[in-house]
Every structure is written in C-alpha cells, then in structure tokens.
Q: 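Dumping the structure here so I can ask a few things about it.
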Amino acid sequence: MNPSGRHRIIELDETVSTNADAMRLALQGEPLPLWVSARRQTGGRGRAGRGWQSDDGNLQASLAFLCAGSMIVAQELALLAGVAAIDAIRGIKPLASDVGLRLKWPNDILIGNAKAGGILVESTTARGEPGFLAVIGIGLNVATCPSGLGRAATSLAQNGLVTTPRAMLDEVADQLERWLAVWDAGRGFSHVREAWLSRAGTIGEAISVHTSSGRRTGTYRGLSPSGALLADFDGCLETITAGDVNLAANDNRGGRPGSV
C-alpha cells in the first residue's frame, strides 16, 4: 500500500496485466478507487489489442474507480489521462517541456515524435452500481524503451528526465485525482479538452490517419467538442472517432526505433 496514505495502491512484483488485475479486484468488491502497479507486466496491452512491452524500471499501473456519469463519457478518459500524465512528468521534472513532451490523439505520450507512454481505458457496468466502473491503465517508459519494433520510442531517462517508477506513480495518482475532479463525470470535459489541446501538437501539423477504410494524409485541426480528432483532408474538415494517427515529421528528438 501507499505509505503516504494518499492513494490506495497494491504493488506487485509481476503480473500479466495491471488493467486486468484492477478490473478483477473492482468486480470482486474491493473498495475504490484502487491502484494496481507492477514492476513487470508480461501481457501488457495497448489499443486495438496490441502488445505493450513492460520492463522493470518503467511504470505500469492502473486505476479502478466508479463514475456516476453515463457510460458514453468513458471515451473522454483517455484524453484526461494524457493530460494528467504530462502534468505528472512536469511535476517530477519542471523542465520536461523543454524536451518536446506532448500528446498525440487519442492516447499517446510523446517526446518529440517518439513514443514515451500510452494509455488504455476499459469500462463496464458489470459491478451493478449506478454509473460505470472504469479502469485507466498508464504505461510510461521511465528508464528504458523497447527497440527494433518498427516505430520510434524513447524513455524519460534518455531525455534527461531521471526518476523512479514509484515517484512517477505517486505524481500520476495525484494528477489523475485532480483532473478527475475537474472532469466531474463529464460535466467539466471542456476544461479537459482545452488542457489536452495545449499539450498537443500545433494546429496545421501534417498527419496521416489509418482507419478501417485505409490510410489518408492531411493536417491536424484540433479536437471536436466531444474529443474526436479533427483533420483536414484536401480542404474538407472531417471528424475522426477511431483510427491510428502518425506524424508526418521524423524528428525523434531523443527517441530510437521501437514501438510500445
């Protein structure tokens, strides 16, 4: 448990998935909110069922909590968690913004154009209480990052942001608590959206979007009021609710080939 008493944290040496553990414990009736963290995670997951490599020295942790709002607002939590993660890194290292720390829609934490972390949100009404149960999983490459996996990845340490997974978790937990209060079960999402935009890329940045209908190239135009991606394709502004976004630039600023 968290020695400070600020947050209820179950710390494991190794697990398959902190998200799965947090969801299971919550459904078994554990008091919430509850954090589950692990030194090593053997079956970590990203969006769309992708694997997430989780090594000792990095942060892999999940928060389970009950939300009194409608299940439809669960989609906003990935953006909220990204804002909290950026603020947590800056809280640990005030000069973090100097290394190009930023967000990419919908759930990536970047340094330059290299991925330093990601977010996985899962939700259910299976607990049978009003509202819904949500689990927010956050993975951050604190000390190391995988290599040779086909996409740029980096770690905090590679960019001079040296800390420990535990110190990072304490800061992330504090920032998530703060931003969940601002969000207020979706009623304050406009504030979260504004915060996300201020921590993301520049309007007009060249991007490519991979959707079920194929790859399209255009420019980033911000977020819709609901948090969907806005992109300009050949002069036509479109709203993207699902897809993978790649940045056209290749400035990895401290990153190296890899994928997380």
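Residue numbers run from 1 in the order of the sequence given.
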Q: Who are the side chain to side chain contact (heavy atoms under 4.5 Å, CB included) partners of I203, not counting sequence neighbours?
A: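 I203 satisfies side chain to side chain contact (heavy atoms under 4.5 Å, CB included) with Y220, R221 only.
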Q: Measure across V142 and P165 and return the closest heavy-atom pair with its distance rounded to 0.1 Å.
A: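 Answer, listing the atom of V142 first, then P165: CG1-N, 4.3 Å.
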Q: Partners of H191 by side chain to side chain donor-acceptor pair (under 3.5 Å), sequence neighbours excluded?
A: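 With neighbours one apart ignored, the set is empty.
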Q: Using the test side chain to side chain donor-acceptor pair (under 3.5 Å), find all partners of T163 that sit at least two apart in sequence or belong to another chain.
A: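 By the side chain to side chain donor-acceptor pair (under 3.5 Å) rule, T163 matches no residue at all.
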Q: For D174, check side chain to side chain contact (heavy atoms under 4.5 Å, CB included) against everything at least two apart and list the hits.
A: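 With neighbours one apart ignored, the set is R6, H7.
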Q: Which other residues belong to the hydrophobic cluster containing L230, where Ile, Leu, Val, Met, Phe, Trp and Tyr are joined when side-chain heavy atoms lie under 4.5 Å apart, directly or via other members?
A: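 For the cluster that includes L230, the remaining residues are L237.
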Q: How would you list, by chain and number, every residue that makes a salt bridge (Lys or Arg N to Asp or Glu O under 4.0 Å) with R187, sequence neighbours excluded?
A: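 So R187 forms a salt bridge (Lys or Arg N to Asp or Glu O under 4.0 Å) with D184.
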Q: Do I89 and L140 come close enough that some side-chain heavy atom pair is under 4.5 Å?
A: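 Answer yes - side chains close enough.
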Q: My understanding is that only residues two or more places apart in sequence, or in another chain, count here; which of them pass side chain to side chain donor-acceptor pair (under 3.5 Å) with E194?
A: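 E194: no side chain to side chain donor-acceptor pair (under 3.5 Å) contacts found.
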Q: Show me, pair by pair, the donor-acceptor contacts under 3.5 angstrom made by side chains of residues 79-87, not counting sequence neighbours?
A:
from : atom 1 : to   : atom 2 : distance (Å)
D87  : OD1    : R199 : NE     : 2.9
D87  : OD1    : R199 : NH2    : 3.2
D87  : OD2    : R178 : NH2    : 3.1
D87  : OD2    : W179 : NE1    : 3.0
D87  : OD2    : R199 : NH2    : 3.3

Q: D234: which residues meet the salt bridge (Lys or Arg N to Asp or Glu O under 4.0 Å) condition with it, sequence neighbours left out?
A: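 D234 satisfies salt bridge (Lys or Arg N to Asp or Glu O under 4.0 Å) with no other residue.
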Q: In chain order, what residues pass the side chain to side chain contact (heavy atoms under 4.5 Å, CB included) check against A228, with sequence neighbours excluded?
A: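 Per chain and number, A228 pairs via side chain to side chain contact (heavy atoms under 4.5 Å, CB included) with S224, S226, T239, T241.
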Q: For G243 versus P106, what's the shortest heavy-atom pair and its separation?
A: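 Where G243 meets P106 most closely, the heavy atoms are O-CD, 4.4 Å.
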Q: Taking side-chain hydrogen bond (donor to acceptor under 3.5 Å, both in side chains) as the cut-off, I'd like each qualifying pair that reaches into residues 69-84, sequence neighbours left out, listed once.
A: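 Qualifying pairs, neighbours excluded: E76-W183.
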Q: Find out whether L77 and F65 are in side-chain contact, i.e. whether some heavy atom of one side chain is under 4.5 Å from a heavy atom of the other.
A: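 Result yes, sub-4.5 Å side-chain heavy-atom pair found.
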Q: Any donor-acceptor pair under 3.5 Å linking the side-chain atoms of D232 with those of T219?
A: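 Absent: no donor and acceptor within the cut-off.
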Q: Check the side chains of N58 and T144 for a donor-acceptor pair under 3.5 angstrom, ignoring hydrogens and angles.
A: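 Yes, a side-chain donor-acceptor pair sits under 3.5 Å.
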Q: Who are the side chain to side chain contact (heavy atoms under 4.5 Å, CB included) partners of A38, not counting sequence neighbours?
A: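 For A38, the residues satisfying side chain to side chain contact (heavy atoms under 4.5 Å, CB included) (neighbours in sequence not counted) are L12, T15, T18.
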